[in-house]
Amino acid sequence: MPRYTVHVRGEWLAVPCQDAQLTVGWLGREAVRRYMKNKPDNGGFASVDDVHFLVRRCKGLGLLDNEDPLEVALEDNEFVEVVIEGDAMSPDFIPSQPEGVYLYSKYREPEKYMDLDGDSLTTEDLINLGKGHYKIKLTSAAEKKVQKSREVIDSIIKEKTVVYGITTGFGKFARTVIPINKLQELQVNLVRSHSSGVGKPLNPERCRMLLALRINVLAKGYSGISLETLKQVIQVFNASCLPYIPEKGTVGASGDLAPLAHLALGLIGEGRMWSPKSGWADAKYVLQAHGLKPIVLKPKEGLALINGTQMITSLGCEAVERASAIARQADIVAALTLEVLKGTTKAFDTDIHAVRPHPGQIEVAFRFRSLLDSDHHPSEIAESHRFCDRVQDAYTLRCCPQVHGVVNDTIAFVKNLITTELNSATDNPMVFASRGETVSGGNFHGEYPAKALDYLAIGVHELAAISERRIERLCNPSLSELPAFLVAEGGLNSGFMIAHCTAAALVSESKALCHPSSVDSLSTSAATEDHVSMGGWAARKALRVVEHAEQVLAIELLAACQGIEFLRPLRTTTPLEKVYDLVRSVVRFGK
């Protein structure tokens, strides 16, 4: 018998259908009838006939024709939404689709698998998992490690040994011993009580990254989770069933408790979940629609799912990968600006950088020479001012290897640290199968990624700061020898005047965001957790700073391409002309 899950005014209703010839309109009326039945006041309606509504798919939000037969319009177990005419949106309403879901409107279940062993995940791998390019499976070696780890936990329970988080309470309640018959309830209560985050939910890509990273850490075999449960978690990931995880609430020690608890809450069939098929719905319905069952937590497994730095690290992984991309692009954009401002390439001479041999500085200077080298890629613009009397350029042009270079070195440092964290066991207690015991420690403390991501924000911000100054030089006729604000009819048109203001605003905002969050600590859990990393905020603001750098450099790129129009018919080097052509394929010249 076909069955549909229908969203009506914030509630989810399972509606069976005995006759597939029934229409979409029937499904909407039946869902409204069931909704009214559950309300003391009938939901404010006299009868179903008084309700006027539209029906749309949760996936893609496409409207359905009420006269279409269900067997034609919908698949079995599909999720739909009844939108009642005249309803105002509640301020606490959770939309059926998260931000950016249009990226998932054409989601296709991946065919390829990525093997996880807990030891070899890269930042690029995690980004690809977040984008839904791969499903996950464990290596056989990882499965064996997980099984041996679980045997230690089973032995502890059988022998009734007192061990933190397994047979005791948590935090301040660590000395409270829990009866054997309450150990499973203890784990469920832990997940429910710790699901206390606030703010917007993580988007699908970030949620997938977080879930994938937690699976990788559990695969190391130091968490005590059973192989059966871990395989259930992997099934949830492979079905792209993603729990509702608020972005705020972690202090970064003991790990990212609140966000990871929300992750676990969905896995046990509580709270909300999202999938490309369902949109946001009750977790139990989403799991059921994908043929999955809620996880039943065994002793220690709730703690194994929520104790770690994976929120900080997964967001940090995205930040460092985006930072790496924008750092490479910054060199190209700055080289184009240098051409437009008729700068010299002398500052990129190999010998200058050989005597101050920082790797990033040497690499950036090499990129500038590659882009601007007149012998290999002749530039008519450079040739036009070869014999001018200008001796040297402003620092924003001349010192790009030094400024951009240290950003590249910063990114390399942070990427190395984040990669280590991706493959680190961050639980407490740690389960050492080789010793047959558990050991309490502090690997959950997020100080390492927190400090690194604060450093990343400070480094990447400089790309935006120096770019904004180059935009000023492009727009200022006394510095550029170009029309004011890069527009021919100044006054009638304002050109890049306010685009530069936007860049200045973003740079100013990033200055405040660059204050390190990891220098702060507030004691929590009745002074049991008396020093914390604040790494969650370090990760989120690092992403904001990277985003601002992307936006400022995009403005500079547009301004440089606008400026080159005033130097025509002269052409720049071949590589930079290709950059110009790429921009002009999507943005026309602003006259």
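The basis for the numbers below is simple: all heavy atoms, side chains too, and nothing from hydrogens, waters or symmetry mates.
A salt bridge links Lys135 to Glu109: at least one charged side-chain nitrogen sits closer than 4.0 Å to a carboxylate oxygen. Under the 4.0 Å criterion applied to side-chain N and carboxylate O atoms, Asp427 and Arg214 are assigned as salt-bridge partners. Between Arg544 and Glu509 there is a salt bridge, with a side-chain nitrogen of the basic residue lying less than 4.0 Å from a carboxylate oxygen of the acidic one. A salt bridge links Arg322 with Glu550: at least one charged nitrogen is closer than 4.0 Å to a carboxylate oxygen.
For the pair Leu305 and Leu218, the tightest heavy-atom approach, listed with the atom from each and the gap, is CD2-CD1, 3.9 Å. The shortest heavy-atom contact between Pro575 and Ser370 is CG-O, 4.3 Å. Nearest approach of Ile312 to Pro449, heavy atoms of both residues: CG2-CB, 3.7 Å. The minimum heavy-atom distance linking Asp454 with Lys541 is given by the pair OD1-NZ, 3.1 Å. In this structure, Gly165 and Leu303 approach most closely via the heavy-atom pair CA-CD2, 3.7 Å. Residues Gly118 and Ala219 approach most closely at N-CB, 4.1 Å, considering heavy atoms.
You'll find the side chain of Ile458 stays beyond 4.5 Å of the side chain of Val545, heavy atoms only. Taking the side chain as every heavy atom from C-beta outward, Glu247 and Arg206 never approach each other to under 4.5 Å. At least one side-chain heavy atom of Ile362 sits less than 4.5 Å from a side-chain heavy atom of Pro357. Residues Ile127 and His133 fail the side-chain proximity criterion, which asks for heavy atoms closer than 4.5 Å. No side-chain heavy atom of Leu263 sits less than 4.5 Å from a side-chain heavy atom of Ile306.
Looking at residues two or more places apart in sequence or on another chain, you find a salt bridge (Lys or Arg N to Asp or Glu O under 4.0 Å) between Lys231 and Glu143. Residues satisfying the side chain to side chain contact (heavy atoms under 4.5 Å, CB included) criterion with Ala465, sequence neighbours excluded, are His461, Glu462, Val507.
Taking the six-membered ring for Trp and the full ring otherwise, Tyr134 and Tyr113 have centroids separated by 6.0 Å or more. Ring-centre distance between His262 and His194: not below the 6.0 Å cut-off.
Atom-to-atom distance recorded for Thr528:OG1 and Phe170:CZ is 13.5 Å, nearest 0.5 angstrom. Rounded to the nearest 0.5 angstrom, Leu260 CG and Leu210 CG are separated by 5.5 Å.
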Take Thr337 and Glu556 through the side chain to side chain donor-acceptor pair (under 3.5 Å) test and state the conclusion after the steps.
CA-CA 8 Å; Thr337 295; Glu556 183 187 354; 2.7 Å; yes
As a quick check of understanding, evaluate side chain to side chain donor-acceptor pair (under 3.5 Å) for Gln310 and Thr426, giving each step before the final call.
CA-CA 9 Å; Gln310 284 66 57; Thr426 53; 3.1 Å; yes
Does the side chain to side chain contact (heavy atoms under 4.5 Å, CB included) test come out yes or no for Glu547 and Leu506, once each step is laid out?
CA-CA 10 Å; Glu547 181 181 319; Leu506 292 171; over 6 Å; no
Pair Glu321-Lys415, salt bridge (Lys or Arg N to Asp or Glu O under 4.0 Å): steps then yes or no
CA-CA 8 Å; Glu321 281 299 304; Lys415 184 171 182 175; 3.2 Å; yes
Between Asp256 and Thr250, is the side chain to side chain donor-acceptor pair (under 3.5 Å) condition met? List the steps.
CA-CA 5 Å; Asp256 297 315; Thr250 176; 2.7 Å; yes
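Cation-pi contact between Arg435 and Phe432: present, with separation from the ring centre below 6.0 Å and deviation from the ring axis of at most 45°.
Asp115 contributes no side-chain N or O that, together with a main-chain N or O of Thr139, makes up a donor-acceptor pair within less than 3.5 Å.
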Solution key, residues 399-414 side-chain donor-acceptor pairs under 3.5 Å, sequence neighbours excluded:
unit_1 : atom_1 : unit_2 : atom_2 : d
His404 : ND1    : Asp331 : OD1    : 2.7
Asn408 : ND2    : His404 : O      : 2.8
Asp409 : OD1    : Gly360 : N      : 2.9
Asp409 : OD2    : Gly360 : N      : 3.3
Thr410 : OG1    : Val406 : O      : 2.8
Thr410 : OG1    : Tyr455 : OH     : 3.4

